[in-house]
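Some notes on the structure that comes next.
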Amino acid sequence: MTQPQSILKKYFGYDKFRSQQEEIIEKIVSGRDVLVLMPTGGGKSVCYQVPALMLDGICIVVSPLISLMKDQVDALKANGISAAFLNSSQSFDEQQAILESCYKKEIGLLYVSPEKLIAELGMITQMARPSMFAIDEAHCISSWGHDFRPEYTQLGMLREKFSHVPFVALTATADKVTRRDIAKQLRLKSPEVFISSFDRKNLSLDVRTGIKTKEKLQEIAEFIDRRKDSSGIIYCLSRNNCQDVAEALRNYGINAGFYHAGMKAEQRAKIQDDFINDELQVVCATIAFGMGIDKSNVRWVIHYNLPKNIEGYYQEIGRAGRDGLPSETILYYNYADLTMLNKFAAESSQSEINLEKLKRMQHYAEADHCRRKILLNYFSESLEENCGNCDVCKNPRKHFDATVLVQKALSAIARMGQKEGASMVIDVLRGSRKAEILNAGYDRIKTYGAGSEIGGIDWQRYLMQMLNLGILEMAYDENFALKITQLGNDILFGRRNAELTLLQPLPKPEAKAPQAKRTKVSNPDEELFNRLRTLRSRFAKEEDVPAYAIFSDATLIDMVKEKPLTEQDMLNISGVGEHKFYRYGQVFLNAINSFSEDPSKNQKSDTYRDTLNFFHQGFTPEQIAQKRDLSPTTIYSHIAHLYIQNKIQSLQSYVSENEIMQVKEAFAQTGGQKALKPIYEYLNEQLPYPKIRLALAVLEREMQPI
Ligand code: ADP
Ligand code: ZN
């Protein structure tokens, strides 16, 4: 094991690094600057936390997310890592106490907000000798990014001041331009750039177009109803919207709250805490929500309205499934949102960039090929195969010759003088008798009522396609009037044909959302999972830390799957490091054991019986592990247990007399404990763990009174 690997296991309880993590760590430790681009949930923190534990001095972590600092620090402490934070939310005395412990070298990582760091740079770096700087959410330094924060720009001067320590910039959102800008603004010294794939395979992508508000709410309520206990976020465009949607969902009996920047700090904190602690199932929020949320088991994200750009959208859906388990995302898209967002963008200060970004967003929402390809493309990555996990892949689009249909619309637009917006055009095509139409005399034009066989919503979707294909343009500065482009004229005058995508009846979300997706555990295991979750909440409350800081959902699911019986089994669970094992291991082991021994569950004896059957059929433990989708360690512990229970006669072919004698001696010499590690070490790491485990079982059976 390399040093970084053993730190990963000891402190974080993980067996392997994810792709690139180890190389990044090596580079930092060797003193290089690095720029890390990884999607949300990719595992950025480990990239600087492990070096922080290897290097002398204090790792200064710059983060704009004051609300997140406490949670991040709590999570580190839960892993037995000394960390602290400094920001304006603390009293003078608190800050002094922290600086004091930095001075006494009691702190490994210090989280600090950019403004605090700059304002008190001298003081901080005098008390805390920096070993490295980690700049989290580094895209905030670039005005090209979507979340520019002026207080970040001052960080540029740090690089020269601390020329001898490595700098690490990390971000989850960066198009090519922003990427280059981050390195430039932070003045990184020939940084090694690591770009992970932005593909989040565990997130399903779904876009639903042209659904009326009332149906939308009903659909969302049904969606949530089928996913009891699984938390999610609904992003809304406006503050009022958040409140209305939350209210509507509560009327459906759903445990929903709302969150936006217009609320008091305490109210916001309460919503966040309740959500993180699984006490609030759904939060309806503006995009202000989420930056400060590190909750790994968000199982779905819904966009109630079209987002402004793809970066934001990708970051928001990225808040789902950070634990790597399958999670769902839905984007609702309609004409009215598009019109409004266009108006905002056109009136904004960087209108050109913002309009272009919105266009790309629209392009995504309108896509008739694999959506993931478009997303990844946006981040300069390409995907060979269609993803199979987006609505287009699941439901491929068909095209048809729409020349006549398009001509009808264009003709109406032309005859109305190209000065009306979509809704008026649709009313004319459908032959509406609204007063404004009659007053304008539009009932006398030739195409009046020529499209009455097509519904209003469908017309909207067709017009949207025509905009996307460049047949029409929208004049945002003329009340959103539709204008005919050159291409449109060619079609209108019969010089070209037009092809559109066939509108499909929108599939109901329930048709493809099995409840079991929520977690990988099956029914009887679900009960154990829930018990472990309750236990986790109890600890989280007692210690006033977020639930995930105790164990992540992924770790609980691993426990449910492996059903660890012994300390060693527990240490093998992904996410159980030494410190957490010491704090919580025994309690969780007891909970699992008492659940398994409950005769009404009878699961454990089933699992032993299954292993025993395979064993009798002559399979090796490794083969049994593979067949049962369990770890070999678990199978060895089953075999040991079955041997002690006299269900297996002999272990001769697995462990020799000589080996048993060695273990016996080591056992006596290391204090007569059944823990495997001391024995393993006593025997100079020569005898593999499975053999030690089986030898101990032989010794135990020998000692049993017959
Ligand atoms: P990011 O900051 O990139 O959004 P995090 O650092 O919060 O992501 O990591 C996301 C999740 O993945 C966390 O629960 C973290 O503990 C877990 N994780 C990180 N590295 C590993 C690893 N090597 N093996 C297993 N889980 C990991
Ligand atoms: Zn796809």
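Numbering of ligands and ligand atoms starts at 1, following listing order.
Taking each heavy atom of I24 and M38 in turn, the nearest pair found is CD1-CE, 4.0 Å.
Aromatic ring pairs are classed by plane angle as parallel below 30°, tilted from 30° to 60° and perpendicular above 60°; the pair Y584 and F588 is perpendicular.
The single protein non-hydrogen atom nearest to atom 7 (O) of ligand 1 is R322 NH2, 3.4 Å, given as residue, atom name and distance. Summary of contacts: the protein heavy atom closest to atom 16 (O) of ligand 1 is Y14 OH, 2.6 Å. Looking only at protein heavy atoms, the nearest one to atom 1 (P) of ligand 1 is G41 N, 3.5 Å. Regarding atom 23 (N) of ligand 1, its nearest protein heavy-atom neighbour is K16 O, 2.8 Å. Here the heavy atom of the protein found nearest to atom 6 (O) of ligand 1 is S45 OG, 2.6 Å. Looking only at heavy atoms of the protein, atom 9 (O) of ligand 1 is closest to G43 CA, 3.5 Å.
Side-chain polar atoms of T2 and E22 form a donor-acceptor pair below 3.5 angstrom. Counting only N and O atoms by type, the side chains of S552 and D323 include no donor and acceptor under 3.5 Å apart.
Without hydrogens or angle criteria, R533 side chain to L556 main chain gives no donor-acceptor distance under 3.5 Å. A side-chain donor-acceptor contact under 3.5 Å links K580 to the backbone of I550.
At a heavy-atom distance under 4.0 Å, no atom of S296 approaches ligand 1. At a heavy-atom cutoff of 4.0 Å, ligand 1 is contacted by no atom of A172, backbone or side chain. Under 4.0 angstrom from ligand 1, there are no non-hydrogen atoms of M38.
Ligand 1 has an N or O atom lying under 3.5 Å from an N or O atom of R18, backbone or side chain.
Each of the following atoms of ligand 1 lies closer than 4.0 Å to a heavy atom of P39: 3 (O). The atoms of ligand 1 that sit less than 4.0 Å from any heavy atom of T40 are 4 (O). Less than 4.0 angstrom separates some heavy atom of Q21 from each of these atoms of ligand 1: 19 (C), 20 (N), 23 (N). Of all atoms in ligand 1, numbered sequentially from 1 with element shown, those under 4.0 Å from a heavy atom of F17 are 23 (N).
When the shell of 6.0 Å around NZ of K359 is examined, it contains 12 or fewer heavy atoms from other residues, nucleotides or ligands. Crowding of K116 atom NZ: a count of heavy atoms from other residues, nucleotides or ligands under 6.0 Å exceeding 12.
Ion pairing of K541 with D273 is absent here, as no side-chain N (NZ or NE/NH1/NH2) approaches a carboxylate O to less than 4.0 Å.
Taking the six-membered ring for Trp and the full ring otherwise, the centers of Y364 and Y378 sit at least 6.0 Å from each other.
Expressed to the nearest 10°, the angle at the Zn ion (ligand 2) joining SG in C390 with SG in C370 is 120°.
Ligand 1 is never approached by S552 to a heavy-atom distance shorter than 4.0 Å.
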